[in-house]
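Single-structure report; data block below.
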Amino acid sequence: MRAALDRARRPVVSLAAGLLMGAVYWALDITSPAPPLIGLTGLLGIVLGERAATWGRVRLAAPHQHNRREETHHDRS
């Protein structure tokens, strides 16, 4: 249950931070530094890059973890 709350907290905090920055921009009467479409496209790139890096790290670590399990199993025998 706690893990589900931790996962749900991240998007809520992110949304709150975005709303806060929007309010600051409004209060200072300034416009966003990037048009919305370009900003959202950049965010999509960040998310996809993060996912790709995580996927690659898991794939590279998988053989090493498998070998460690086998060594540990043989050491116990």
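Any value given below was found using the heavy atoms of this structure, including those in side chains, with hydrogens, waters and symmetry copies removed.
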**Item:** Distance in Å, Thr31 OG1 paired with Trp26 CH2, rounded so as to fall on 0.5 Å steps
**Value:**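 If we round to the nearest 0.5 Å, Thr31:OG1 and Trp26:CH2 are 15.5 Å apart.
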
**Message:** According to side-chain contact (heavy atoms from CB on, under 4.5 Å), who are the partners of Leu48, at least two apart in sequence or on a separate chain?
**Reply:**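 Per chain and number, Leu48 pairs via side-chain contact (heavy atoms from CB on, under 4.5 Å) with Leu44.
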
**Request:** Measure from the side-chain N and O atoms of Ser14 to the backbone N and O of Arg10, and report whether any donor-acceptor pair falls under 3.5 Å.
**Result:**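 Checked: no pair found.
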
**Prompt:** With Arg9, which residues qualify under side chain to side chain donor-acceptor pair (under 3.5 Å), at least two apart?
**Reply:**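 Applying side chain to side chain donor-acceptor pair (under 3.5 Å) to Arg9 gives Asp6.
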
**Message:** Using the rule that Ile, Leu, Val, Met, Phe, Trp and Tyr join whenever any side-chain heavy atoms are under 4.5 Å apart, tell me whether Ile30 and Val24 fall into a single cluster.
**Reply:**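 Shared cluster, yes.
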
**Message:** Check for me, please, whether Leu15 and Leu20 land in the same ILVMFWY cluster - side-chain distances under 4.5 Å, paths through other members count.
**Reply:**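 Result: no, two separate clusters.
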
